Number of protein chains: 4
Amino acid sequence: MSNQRQESKAAARSRAQKERILAAAQACFVESGFHGASMATIAETAEMSPGLIYRYFDSKNAIILEIIERQLTVARRRIRELHCSQNLSSRIFEYFEEKEPREKDSINHALYLEISAQATRDPQIAEALQRYDAAVCSELGGWLSHGRAEGGCGLSGETVPVRALMLLSLIEGLKLRGSREPDLDRRLLQDALDEMVNLLVTPAE
Amino acid sequence: MSNQRQESKAAARSRAQKERILAAAQACFVESGFHGASMATIAETAEMSPGLIYRYFDSKNAIILEIIERQLTVARRRIRELHCSQNLSSRIFEYFEEKEPREKDSINHALYLEISAQATRDPQIAEALQRYDAAVCSELGGWLSHGRAEGGCGLSGETVPVRALMLLSLIEGLKLRGSREPDLDRRLLQDALDEMVNLLVTPAE
Amino acid sequence: MSNQRQESKAAARSRAQKERILAAAQACFVESGFHGASMATIAETAEMSPGLIYRYFDSKNAIILEIIERQLTVARRRIRELHCSQNLSSRIFEYFEEKEPREKDSINHALYLEISAQATRDPQIAEALQRYDAAVCSELGGWLSHGRAEGGCGLSGETVPVRALMLLSLIEGLKLRGSREPDLDRRLLQDALDEMVNLLVTPAE
Amino acid sequence: MSNQRQESKAAARSRAQKERILAAAQACFVESGFHGASMATIAETAEMSPGLIYRYFDSKNAIILEIIERQLTVARRRIRELHCSQNLSSRIFEYFEEKEPREKDSINHALYLEISAQATRDPQIAEALQRYDAAVCSELGGWLSHGRAEGGCGLSGETVPVRALMLLSLIEGLKLRGSREPDLDRRLLQDALDEMVNLLVTPAE
DNA sequence: CATGAATGAGGATTCATTCAT
DNA sequence: GATGAATGAATCCTCATTCAT
């Protein structure tokens with residue numbers, strides 16, 4: 001049992017180390033992109049030696065993949081939380097706002113772009129992104145189609161995938177725009193979202 | 001005159017070479033990203049020696065900047081053409097469709113992502129993107145605000161920037177989506193766009 | 001303490017490596033000049049990989065500058081030692097003789113030429129050379145002006161800078177000559193120096 | 001005859017072209033050193049195409065060699081002219097002054113350094129320099145040993161080579177110094193030279 | 001003769017990865 | 001486990017030289 005406890009201690013340490021590396025890597029990638037961030041910089045940020053990183057990850061690419069996976073998981077959760085709200089548009093607004101872009105739970109837009117660009121080349125990443133897309137769409141679709149009584153929107157089957165697609169595209173388009181126009185008028189944005197979301201969430205007459 | 005003709009011949013060749021290089025570079029960048037594509041590969045693609053490229057461009061970065069400038073110019077023109085149409089949504093659809101992504105006149109979505117990602121780091125590129133954004137927004141805004149008699153949409157001043165923002169975000173969101181889900185259901189897309197665009201283009205009651 | 005000892009060990013190794021690189025670089029520069037010596041050759045001479053050099057020096061130019069600085073420091077010390085001697089001319093003779101041009105403490109004339117040539121273009125090097133010149137001149141001047149009782153030459157204020165300039169020019173001229181006429185008659189040289197130095201060191205009547 | 005005249009015309013043109021190239025090359029070498037000056041820059045300075053240079057010279061190195069040869073020839077002539085003067089020290093002063101360093105007939109000190117440095121590596125250049133040295137020394141020696149009646153200095157056989165060596169070394173040392181300390185006090189220099197030259201030119205008692 | 005476009009080998013530098021300690 | 005020195009392949013870029021026109 002002591003042995004076991006030791007092992008689990010070791011495992012915990014291992015997990016903590018991986019975490020440190022991923023956090024450092026994410027920070028560096030946000031700052032400089034996947035290519036621009038060197039292993040040396042990541043190691044320095046993680047306050048460890050470059051060599052040690054290779055005890056926890058096979059290669060730089062493995063780190064990138066893990067970070068992508070995580071970002072998509074976070075994104076999926078964030079989207080899922082959206083529809084719990086009565087007030088979708090302000091939730092989207094918050095989602096889009098991104099107070100502290102480096103905390104573990106946030107989606108970083110710059111990174112998201114990097115990931116999307118990478119996906120056009122790396123099929124592994126492309127696949128991960130598609131899994132994510134599918135999950136998000138079905139999630140959103142479920143919500144749109146559920147009756148209002150159950151907290152849904154009561155859209156009819158036909159319109160659901162259409163609306164889900166639009167909603168997602170809009171959200172992503174806004175993210176993209178927001179990440180390169182940081183001083184976009186927030187009020188304007190909120191108003192626009194209110195209107196749009198209302199339209200999308202209301203069953204067509 | 002012979003001199004002049006010769007000169008113009010040389011200038012023509014020079015332009016043609018630049019074009020060759022840009023085309024090759026664009027192809028490589030699409031394939032491997034700005035970083036991933038090496039000058040050697042670009043040279044090989046352009047069927048010339050690496051050294052020759054430097055007769056026409058100061059550096060790899062100069063090529064990247066030129067390609068970005070061109071992409072944005074094309075994108076701007078494409079957006080401008082959109083509103084000439086009676087049927088906006090199907091034009092957006094075509095815009096989004098992008099049959100042959102390497103022809104000179106087309107916007108390449110992978111490249112667009114690459115550019116956006118790069119913009120988060122390179123202020124020069126960020127500025128170019130913002131110029132582009134401003135131009136496109138005002139273009140679209142003009143069209144939305146003009147009276148229907150003049151081919152516009154007759155939206156009132158308040159709503160114009162809001163709608164323009166939404167429209168653009170939607171378009172870009174769809175582009176992004178389309179570039180990673182190439183087998184997205186086209187009919188679904190067309191239907192969704194029809195509905196959305198109608199909503200966005202109609203004055204609020 | 002073990003930590004401290006380890007650290008000092010690492011620091012020692014680091015210093016040793018820098019030394020290795022500088023020695024190799026100096027040998028290569030003497031052989032082929034600053035331009036002619038490639039980093040690859042220097043690395044090979046230092047028996048290490050080219051990449052490793054950059055752990056210790058920022059650039060090839062940084063190495064060049066360091067070597068120049070060192071050469072000038074050595075040269076300054078050598079000049080300073082000259083005037084401690086009763087027999088200046090034979091010290092100059094030794095100075096000029098330079099048995100083993102690659103040992104750390106020696107001035108290499110070929111390198112000195114390279115440095116001087118480089119100084120006509122690189123203001124940083126020019127400045128270093130001028131600092132060196134000023135130091136040497138004042139050093140020599142002090143000695144010339146001090147009373148004989150203190151081991152000086154007792155020259156009056158007026159003549160001091162004139163004589164210092166001549167003495168230095170003569171020494172440098174001889175170095176230059178010696179570096180390209182290695183089989184210059186040593187006896188001839190010694191005689192000439194004896195006479196010249198005597199003249200220069202004696203107060204004008 | 002017409003043929004001959006044509007040929008000689010052609011030969012003249014050829015000589016003129018070579019001259020142009022050498023002049024341009026010298027200007028470039030002075031500005032940037034042998035290595036720093038590119039064939040392209042030389043061609044531009046000579047107002048011709050890079051390719052044309054190769055009709056007149058085998059290689060860049062051939063140009064360098066020719067320029068060195070010329071510089072030494074000029075230097076030899078300049079030294080020879082020195083002793084025609086009654087007032088040697090002021091002639092040396094002029095020699096050292098170098099008003100317009102790019103005119104064909106002048107010695108350029110920066111170039112001289114470049115040449116000397118190159119000589120430590122290239123035996124061909126080293127030999128040329130030694131030929132030059134020998135010529136200059138014998139020239140100077142002749143003058144020193146000739147009777148005063150014949151415009152010489154009347155030095156006795158023994159001291160001649162010694163004095164010649166010193167004189168030359170001094171002159172070269174001053175050149176070196178002057179080329180890196182352009183704002184050296186001219187009056188100081190003149191005074192120093194006066195004194196030194198007098199000493200060197202006067203027979204030992 | 002003359003041009004200048006084209007070549008390609010070579011140079012400085014970077015960085016993911018390995019390995020002796 | 002941990003270090004960080006070491007490697008060497010790969011990258012961007014330059015420039016002497018050639019050759020089709």
Side-chain angles (χ1 to χ4, degrees), chain A residues 10 13-14 17 35-44 46-64, chain B residues 6-7 9-10 13-14 16-17 35-44 46-63, chain C residues 3 6-7 9-10 13-14 16-17 35-44 46-64, chain D residues 10 13-14 17 35-44 46-64:
Chain A
R13 170 151 187 79
S14 175
Q17 290 282 58
H35 174 96
S38 74
M39 290 300 272
T41 315
I42 294 171
E44 201 179 8
E47 289 175 316
M48 60 176 67
S49 68
L52 190 50
I53 294 182
Y54 286 84
R55 184 168 292 275
Y56 299 100
F57 293 93
D58 277 352
S59 67
K60 186 181 180 181
N61 212 53
I63 299 179
I64 292 176
Chain B
Q6 281 235 333
E7 250 182 278
K9 232 189 195 169
R13 172 146 191 85
S14 175
Q17 290 285 61
H35 283 93
S38 76
M39 291 302 273
T41 315
I42 293 172
E44 203 177 5
E47 288 175 315
M48 56 176 72
S49 68
L52 190 52
I53 294 182
Y54 289 86
R55 175 174 286 272
Y56 299 99
F57 293 93
D58 276 351
S59 66
K60 186 180 179 180
N61 212 54
I63 299 179
Chain C
N3 195 356
Q6 281 234 333
E7 248 180 280
K9 231 188 196 170
R13 172 148 191 82
S14 176
Q17 290 283 62
H35 283 92
S38 77
M39 290 302 273
T41 314
I42 294 171
E44 204 178 4
E47 287 176 316
M48 55 176 72
S49 66
L52 189 53
I53 294 182
Y54 288 86
R55 176 174 284 274
Y56 300 98
F57 293 93
D58 277 351
S59 65
K60 186 181 179 180
N61 212 55
I63 299 178
I64 293 176
Chain D
R13 170 154 187 77
S14 176
Q17 291 280 59
H35 174 98
S38 74
M39 290 301 272
T41 314
I42 294 171
E44 202 179 7
E47 289 175 316
M48 59 175 67
S49 68
L52 190 51
I53 293 182
Y54 286 84
R55 184 167 291 275
Y56 299 99
F57 293 92
D58 277 351
S59 67
K60 186 181 179 180
N61 212 53
I63 299 178
I64 293 176

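Computed from a predicted structure; not experimentally measured.
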Take atom [atom1] of [X] and atom [atom2] of [N], then tell me their distance rounded to the nearest Å.
X	N	atom1	atom2	result
C:I63	E:dT13	CD1	C1'	12 Å
C:L52	E:dT13	CG	P	15 Å
B:E47	E:dG8	CD	P	14 Å
A:I53	F:dT3	CD1	P	10 Å
B:Y56	E:dG4	OH	P	12 Å
A:K60	E:dC15	NZ	P	8 Å
A:D58	E:dT18	CG	P	9 Å
B:K9	F:dA20	NZ	P	17 Å

Roughly how far, to the nearest 0.5 Å, is [atom2] of [Y] from [atom1] of [X]?
X	Y	atom1	atom2	result
C:R55	C:S14	CZ	OG	9.0 Å
A:M39	A:I42	CE	CD1	5.5 Å
D:H35	D:I64	NE2	CD1	10.5 Å

What's the closest nucleotide to the side chain of [X] if the choices are [options]?
X	options	result
D:S38	F:dT3, F:dA16, E:dA6	F:dA16
C:Q17	F:dA6, E:dA2, F:dA16	F:dA6
C:M39	E:dA12, E:dG4, F:dA6	E:dA12
D:Y54	F:dT18, F:dA2, E:dT17	F:dT18
B:S49	E:dT7, F:dG4, E:dG4	E:dT7

Quiz item: Side chains of B:Q17 and B:M48: does their closest heavy-atom pair fall under 4.5 Å?
Solution: yes
Practice problem: Starting from the 5' end of DNA chain E, give me the residue, A:G51 or B:R55, whose nearest nucleotide shows up first. | Solution: B:R55
Self-check item: Results of side-chain contact (heavy atoms from CB on, under 4.5 Å) for D:S59 - residues two or more places apart only
Solution: D:N61, D:A62
Self-check item: Distance test, side-chain N/O of A:R13 to OP1/OP2 of F:dA2, below 4.0 Å
Solution: yes
Practice problem: Select base, sugar-phosphate, or nothing to describe what C:S59 touches, counting heavy atoms under 4.0 Å on all strands. | Solution: sugar-phosphate
Quiz item: Counting any heavy atom closer than 4.0 Å, what does B:A37 reach on the DNA or RNA strands: base, sugar-phosphate only, or nothing?
Solution: sugar-phosphate
Quiz prompt | Residue whose nearest DNA chain F nucleotide is more 5′ - C:M48 or B:G36 | solution = C:M48
Quiz item: So, for C:A43 and C:S49, which heavy atoms are closest and what is the spacing to 0.1 Å?
Solution: CB-C, 3.9 Å
Quiz prompt | Ranges pairing with ranges for DNA chain F, where each run has three or more Watson-Crick or G-U pairs under 3.5 Å | solution = E:2-21 with F:2-21
